Structures are given as C-alpha cells and as structure tokens.
Amino acid sequence: QKRYDEALQAFNTGLTLVPNMQGMLMDRASLYLQLRNNSKALDDLNDLLVLNSENTEALFYRAFIYSAQHLNAKARSDYERLLILQPRHKEGRLGMALLCDNDRRPLEAMEHMDVLLRYWPDDATVYAVRSGMYQKRRQYQQALADINHALTLELDNPAFYISRALLYKDFKKNAL
C-alpha cells in the first residue's frame, strides 16, 4: 500500500520486542532497499548474517549493495559464498558475472555466463546480458546473435529491441 512510514514503524516496534527475528530483519532490509536507504539496509543485512552466515537472501542483497558502492572485493566475497551455498542462484550468478565484467575480469564473467546458459538455456535476459558484454568488447557478431536469440525467446520485450538498435548503431548499420 506504499505506507512506508507505518511499515517501518511496525518493523521497528517488532524488532524492539524481538531483536533477533530474522524474517522481520530481512523484511525491514528489503523496505530500506525500496526506500534507497542502502546504509540502513546494510546494517540489517549485517545483523542477519551475524545471526545466520548462510542466509542466501541476505548475502545476495549485501553483495548487490556492495557492487553498487563499487566495493568489489566485498561484493565478490558475498557472491562467492552465495554461489557455494546455492550454485543455481540465478540472480547471484548474474550479479557475479556483471561484477566480474565491471571489475575487468572478462574471462571470469563469460565463465559465469556460460554456467547461466547451461542452467537456463531459455532465459532471454541471460542472452541479453551476454550480448551487452560482447558489445562492450566490440564482438558485434556474437552480440547480435545473442540479442537476436533473446528476441526469439521474448518477442514482446521492448528493451531487447532498443539493445539491438544500439548494437546496430555501434557497428554503423543505422538503417537497421
């Protein structure tokens, strides 16, 4: 209902009564993420991970925050821990691939993309992300093949058409 202040007040009251309630800590961290208050979300996620170091949801969101803050070593550590606990955590694997790509580890990034495609061969988003990685490396034919494949899987996704248009623009095929 987007009554964020009331929700936050309820979470705070509940956590005052039961400070170590993991579900409520995760819910409040999620609310802080929605409100773009990453520092308070990070506090709750850290508290959660003290209570349960194998909380995969907390590891994922903390890695996400660290990535956004360009704290790549910390993000990598959380993604690695998450992927040990859940090798098929799609969002975690994708986050790790993007982190590697941004951290100038292109081979490692592509290895993660290969794993994603082995687990989810029909996921259009995975192909679109890999297309973007190829485009960044100016490997336009591979990028085009992946974005076209993404479009065959999701014909009604406008973001994929925009990505393909930008790709065509990169290799000077403006008419396409």
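For this chain, numbers begin at 1 and follow the sequence in order. This one's a predicted model, so the numbers in the text were calculated from it and none came from an experiment.
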Main chain of [Y], side chain of [X]: is a donor-acceptor contact present, judged purely on distance under 3.5 Å?
X	Y	answer
D101	A97	no
R137	M133	yes
Y127	P121	yes
S77	A73	no

If you round to the nearest 0.5 Å, how far is [atom2] of [Y] from [atom1] of [X]?
X	Y	atom1	atom2	value
E57	E91	CD	CD	10.5 Å
L144	K173	CG	NZ	8.5 Å
L99	Y79	CG	OH	7.0 Å
L71	R62	CG	CZ	11.0 Å
R105	E111	CZ	CD	11.0 Å
L59	L49	CG	CG	5.0 Å

Report the C-alpha separation of E108 and R76 in whole Å, then their side-chain angles, then the decisive distance to 0.1 Å, and conclude whether the salt bridge (charged side-chain N to carboxylate O under 4.0 Å, His left out) test is met. CA-CA 12 Å; E108 194 176 338; R76 178 177 304 284; 3.0 Å; yes

Only counting residues at least two apart or in another chain, list the ones meeting side-chain hydrogen bond (donor to acceptor under 3.5 Å, both in side chains) with D43.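 Per chain and number, D43 pairs via side-chain hydrogen bond (donor to acceptor under 3.5 Å, both in side chains) with no residue.
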
With T152, which residues qualify under side-chain hydrogen bond (donor to acceptor under 3.5 Å, both in side chains), at least two apart?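 Result, side-chain hydrogen bond (donor to acceptor under 3.5 Å, both in side chains) vs T152: none returned.
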
Ionic contact status for R138 with D170, cut-off 4.0 Å: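 Salt bridge between D170 and R138, a charged N being under 4.0 Å from a carboxylate O: no.
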
For the residue pair S39 and N37, confirm or rule out a side-chain donor-acceptor distance under 3.5 Å.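 Indeed, the side chains of S39 and N37 share at least one donor-acceptor pair under 3.5 Å.
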
Is there a donor-acceptor contact under 3.5 Å linking the side chains of N38 and Q69?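 No, because no side-chain N or O of N38 sits under 3.5 Å from a partner of the opposite role on Q69.
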
Check for me, please, whether [X] and [Y] land in the same ILVMFWY cluster - side-chain distances under 4.5 Å, paths through other members count.
X	Y	value
Y119	L94	yes
F160	W120	no
V115	V129	yes

Who clusters with I162? Use side-chain heavy atoms, under 4.5 angstrom, across I, L, V, M, F, W and Y, and order the result by chain and number.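 Direct or chained contacts put I162 with L166.
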
Can you list the steps and then say if D78 with Y66 is a side-chain contact (heavy atoms from CB on, under 4.5 Å)? CA-CA 9 Å; D78 280 353; Y66 285 152; 3.6 Å; yes

Mind running side-chain contact (heavy atoms from CB on, under 4.5 Å) on Y61 and M26 for me, showing each step along the way? CA-CA 10 Å; Y61 284 115; M26 189 68 236; 3.5 Å; yes

Work out which heavy atom in [X] is nearest to a heavy atom in [Y]; give both atom names and the distance.
X	Y	answer
N157	E154	ND2-OE1, 2.9 Å
L33	A41	CG-CB, 3.9 Å
I147	S131	CB-OG, 3.5 Å

More than 12 heavy atoms of other groups within 6.0 Å of F64 CZ: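 Check fails, neighbour count at 12 or below.
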
Hey, mind stepping through R130 and D123 against salt bridge (charged side-chain N to carboxylate O under 4.0 Å, His left out) and telling me if it holds? CA-CA 11 Å; R130 190 172 73 170; D123 190 310; over 6 Å; no

